Structure formats: C-alpha cells, structure tokens
Amino acid sequence: METVAPFKEALDEIKENGAVNFKYCYQCGKCDTLCPWNKVRTFSMRKLIREATFGLTEIENEEIWRCTTCGKCPQQCPRDVKQIQSMVALRRFATGYGVFPEAVKPIRTVSGNLASDGNPFGEDRAKRAEWAEGLPVKPFTEDMEIMYFPGCYLSYDRRLKKVAQATAKILTKAGVSFGILGAKEVCCGESIRKTGNEELFKRMAKENIKTWIEHGVKKILVSSPHCYETFKNEYPAEFRVNFEIVHIAEYLFQLINEGRLQISKEYAKKITYHDPCYLGRHNGIFDQPREVLKKIPGLELNEMAESRQDSLCCGGGGGRIWVETPKSERFSNLRLEQALEAGAEELVTACPYCISNFEDSRLVMNYDDAIQIKDITEIIEEVI
C-alpha cells in the first residue's frame with residue numbers, strides 16, 4: 001500500500017516538536033521481547049518504530065492499532081523512545097485521514113456514540129445512573145466528601161453494574177458521604193484518545209471539568225484505572241492541581257486502616273490478584289489491593305507467574321476493548337491459564353476492562369466451573 005501523501009510532513013513536524021522520539025531508537029529489540037503480542041502471534045514494535053523513523057509507516061496497516069499501551073516496553077526501553085505516544089500519534093494521523101482497517105472499524109462507531117451520547121455503548125445518557133436504583137445513592141452536592149465516578153462500563157454493562165453497586169454499598173457501610181452526577185457526566189475519553197481522536201477527547205474532558213467545577217467537586221473516586229490515569233495524568237494541568245483523584249483500591253486500603261470499614265466475615269477461597277496495567281505499571285499501585293485482600297480471614301492469596309510490574313496485560317488497553325480479537329490471540333486466555341496454574345478459585349482484579357475480557361475468556365474456554373472473576377469490591381462487600 002502507498003503511504004498517504006501528507007503523512008511524512010505531519011510526521012516530521014511531530015518529530016521536530018519532540019512528541020515522538022523515534023530517532024532515539026537503536027533497534028535493540030527489547031520492546032519485541034517484552035510485548036505480550038509475541039506470546040500469541042508475531043508482532044514487532046521495533047519494526048514500526050524503524051518505519052516511522054524514516055517516514056515509511058503505512059497508516060492503513062492494522063499493526064499500528066495492536067499496541068494495548070500496557071506500558072511494558074517503555075519501562076524497560078534503554079533510550080526512552082516512548083512507544084505508547086508513538087503509536088497513539090500514528091493513530092491520530094490515521095483517524096485524521098479517516099483510515100481504519102477492517103478489524104478496527106468498530107472504533108468509528110464508538111466515536112459516534114461518544115459524540116452523541118457521551119458513552120461508547122450508545123446508551124441513553126439519561127440512564128447513566130440506573131445502576132444505583134434501590135440503593136441509598138444521592139446526587140452529589142458540594143458538602144459531600146466524595147464524588148463517585150463509576151465510569152461507562154459500570155454504568156451500562158450488565159456484569160459491571162454489580163461492581164458499582166458493591167462500591168456504593170461499601171461506601172455507605174463505611175459512613176462515607178458521597179454522591180454521583182449520573183447523566184451530568186460523560187466518558188473520561190481515555191480509550192478514544194488512545195485510538196487517535198484527540199479532538200473528541202478534549203471535548204469530553206472540557207465537559208466533565210466544567211460540570212465538576214459547577215458542582216463544587218474536589219475529590220473524585222473512580223473504579224476504572226483508565227479513568228484514574230486520564231483524570232490524574234492526562235487532563236489539563238490546572239485540573240490536576242485542583243482535584244484529588246482516588247482509585248477504589250487505594251480508598252479501600254485507607255478506609256480499613258482508618259477503622260472506618262470493618263471486615264467481619266471469613267472468605268475461605270484461594271485467589272490470585274491481577275495487576276491492571278493502568279493501576280500497576282502506569283501508576284505504581286501494587287501493594288494497596290494486596291494488603292486489603294490479606295486482611296480478610298480465611299483468604300489465601302497466591303501470585304501468578306507474571307505479577308506486579310511484570311503483570312500480563314488483559315488486552316483491553318489502547319482502545320482494543322472495542323476491537324474483536326481472534327480467540328487464539330487473546331492475552332486474557334493466557335491469564336486465566338496462569339491463574340489456574342497458581343491454584344486460584346477466583347481471579348480478582350480492579351479494572352472493568354480486565355473483568356470484561358476475563359469473563360469473555362472464561363466463557364469461550366469453558367471455564368465456568370473452573371474459576372470465577374471478581375472485582376476487589378465484590379469480595380469486600382461480602383465480608384463487611
């Protein structure tokens with residue numbers, strides 16, 4: 001395929017501005033060695049970086065859409081090449097030209113849904129708070145301690161609504177004064193930014209920030225590591241100064257240590273904990289969820305072969321949660337195998353993308369009776 005004509009000029013401009021450090025790569029190949037794709041198929045980040053260095057990348061190529069932004073290669077790169085920013089930049093070019101390979105065309109639908117409905121599912125925005133029906137969850141007011149932002153998956157997905165409900169019950173039990181904004185909020189914009197639509201991301205960020213300022217929000221509790229990363233590290237700097245962002249795994253640890261949340265029941269299960277990429281590698285939150293789980297009587301916590309900094313990506317990052325991945329190429333299948341090898345009855349995590357992928361793998365691998373998938377809040381709800 002021929003490279004789109006204006007592509008090289010745009011690439012040169014980005015390189016000159018230092019946004020993408022292609023030129024620093026000396027082709028050591030460490031990124032390929034670490035990349036989870038090479039556990040299921042042949043994939044070369046090194047090749048993509050080399051092609052981009054010389055302006056040869058074909059934006060029609062599906063390969064630039066494979067990066068899940070898991071963070072494994074940037075943390076080990078000896079030259080700080082910034083592979084994630086590189087791939088996102090290439091996707092910006094593709095998105096700008098309206099070039100989407102067949103496999104990633106669902107992203108166009110997601111973009112349309114976000115623009116019209118404020119969520120990637122195309123669900124009615126007015127129904128964003130329906131998950132809270134029957135629970136003592138109130139609209140957020142300025143005098144409340146925390147504004148809970150469940151995110152899109154927890155607001156609309158049938159399986160993940162249970163996580164939002166468990167979170168609300170925990171907060172209520174701990175006596176936390178909290179509320180939600182429901183239909184007044186929109187998606188954090190994380191996945192659409194990673195797939196190259198920077199304009200739509202900025203529009204959603206502005207809408208959320210405006211809403212939070214108008215309602216006097218100061219502290220935001222999130223369930224998704226992707227929301228956490230986006231609010232904490234990617235929204236404008238002035239926002240990050242004025243708002244405190246907390247992930248539920250951190251907050252559970254805090255509530256228990258402060259004595260506001262009491263664990264009163266046993267949980268006699270063998271479990272393993274999966275570190276979500278954007279909670280662990282990207283933000284260094286490894287110990288808090290483990291310490292929370294260790295406080296539960298009867299629970300046996302076993303580590304998988306790849307854990308903490310080396311955790312295996314579920315495959316849902318970088319916008320790939322919206323892309324259909326062939327069964328033979330799903331990282332989540334490998335992760336379930338690792339969980340079973342660790343002797344786990346339950347695979348526990350703290351990310352809606354991970355749960356969605358693991359539940360799907362559990363179904364296609366016929367593991368319904370072999371292992372259960374839980375969010376950390378679902379376990380805590382059972383033992384308080």
Side-chain angles (χ1 to χ4, degrees), residues 1 3-4 7-8 10-15 17-77 79-101 103-108 110-111 189-201 226 229-230 233-234 277-278 281-282 313-323 325 329 331 353:
M1 293 184 183
T3 303
V4 177
F7 176 72
K8 188 176 187 303
L11 179 59
D12 287 342
E13 181 180 348
I14 283 190
K15 287 168 67 178
N17 291 334
V20 183
N21 296 325
F22 295 123
K23 61 185 178 182
Y24 298 132
C25 176
Y26 59 22
Q27 298 291 300
C28 69
K30 203 159 191 175
C31 51
D32 288 355
T33 302
L34 295 164
C35 183
W37 274 113
N38 286 302
K39 292 179 179 290
V40 295
R41 72 185 305 277
T42 300
F43 174 77
S44 180
M45 177 65 74
R46 174 174 62 174
K47 180 184 177 188
L48 290 176
I49 295 294
R50 182 173 179 79
E51 290 175 346
T53 302
F54 297 102
L56 301 175
T57 305
E58 296 178 350
I59 58 172
E60 303 95 335
N61 193 331
E62 184 185 339
E63 296 301 279
I64 69 168
W65 300 91
R66 288 197 179 276
C67 176
T68 63
T69 68
C70 73
K72 266 201 168 184
C73 55
Q75 75 175 12
Q76 296 291 336
C77 179
R79 298 297 296 274
D80 194 26
V81 171
K82 302 189 187 307
Q83 292 87 348
I84 291 175
Q85 291 92 323
S86 301
M87 292 305 105
V88 172
L90 292 175
R91 293 170 188 177
R92 283 206 301 272
F93 294 128
T95 299
Y97 289 124
V99 176
F100 294 92
V104 299
K105 282 185 177 177
I107 292 171
R108 293 195 298 192
V110 169
S111 295
E190 183 269 346
S191 64
I192 208 61
R193 185 183 211 193
K194 298 300 188 299
T195 53
N197 197 332
E198 187 73 10
E199 181 181 350
L200 182 54
F201 166 74
H226 296 269
E229 163 71 13
T230 305
N233 300 320
E234 298 186 24
C277 298
Y278 274 88
R281 256 189 307 276
H282 284 278
C313 176
C314 78
R320 290 201 61 90
I321 192 67
W322 314 121
V323 177
T325 302
E329 297 181 0
F331 309 161
Y353 289 1

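None of the values given here were measured: they were computed from a predicted structure. Heavy atoms only: backbone and side chains are in, while hydrogens, waters and symmetry mates are out.
In terms of heavy-atom proximity, Arg92 sits nearest to Gly196 at CG-O, 3.3 Å. The nearest pair of heavy atoms linking Ser86 to Lys82 is OG-O, 2.8 Å. Closest heavy-atom contact between Val110 and Ile192: CG1-CD1, 4.3 Å. Shortest non-hydrogen contact noted between Ser111 and Asn197 is OG-ND2, 3.9 Å.
Evaluation of the salt bridge (charged side-chain N to carboxylate O under 4.0 Å, His left out) test over residues 27-36, restricted to residues two or more places apart or in two chains, returns Asp32-Arg46.
Looking at Val88 and Gln85, their side chains never come closer than 4.5 Å, going by heavy atoms from C-beta outward. Here the side chains of Pro74 and Ile84 are in contact, with some heavy-atom distance below 4.5 Å. Looking at Ile49 and Met87, their side chains come closer than 4.5 Å, going by heavy atoms from C-beta outward.
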Exercise for review: Before giving the answer on side-chain contact (heavy atoms from CB on, under 4.5 Å), spell out for Glu229 and Glu190 the whole-Å C-alpha distance, their side-chain angles and the decisive distance to 0.1 Å.
Suggested key: CA-CA 8 Å; Glu229 163 71 13; Glu190 183 269 346; 5.7 Å; no
**Study point:** Verdict with reasoning, Ile64 to Leu48, per side-chain contact (heavy atoms from CB on, under 4.5 Å)
**Key:** CA-CA 7 Å; Ile64 69 168; Leu48 290 176; 4.2 Å; yes
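One distance of note links CH2 of Trp37 with CD of Glu63; it measures 8.5 Å at 0.5 Å rounding. Rounded to the nearest 0.5 Å, atoms NE2 (His282) and NE2 (His226) are 8.5 Å apart.
For Ser191, the side-chain contact (heavy atoms from CB on, under 4.5 Å) partners are Trp322, Tyr353, not counting sequence neighbours. Qualifying side-chain contact (heavy atoms from CB on, under 4.5 Å) partners for Pro106, counting only residues two or more places apart in sequence or in other chains: none. Residues forming a side-chain contact (heavy atoms from CB on, under 4.5 Å) with Val104 (at least two apart in sequence, or on another chain): Trp65, Phe100, Pro101, Ile107, Val323. Residues satisfying the side-chain contact (heavy atoms from CB on, under 4.5 Å) test with Pro36, not counting sequence neighbours, are Cys70, Leu312, Cys313, Phe331. Thr69 is linked by a side-chain hydrogen bond (donor to acceptor under 3.5 Å, both in side chains) to Tyr278, counting only residues two or more places apart in sequence or in another chain.
Thr195 places no side-chain N or O within 3.5 Å of a backbone atom of Arg91 that could act as its donor or acceptor partner. No donor-acceptor pair closer than 3.5 Å links the side chain of Arg193 to the backbone N or O of Thr230.
Annotation for Gln76: atom CD counts as buried by contact number, over 12 foreign heavy atoms lying within 6.0 Å.
Results of the side chain to side chain contact (heavy atoms under 4.5 Å, CB included) test with Gln83 over Cys77, Cys67, Cys35, Cys25 single out Cys77 as the only residue that passes.
Using a 4.0 Å cut-off between a side-chain N of Lys or Arg and a carboxylate O of Asp or Glu, Arg66 and Glu329 qualify as a salt bridge.
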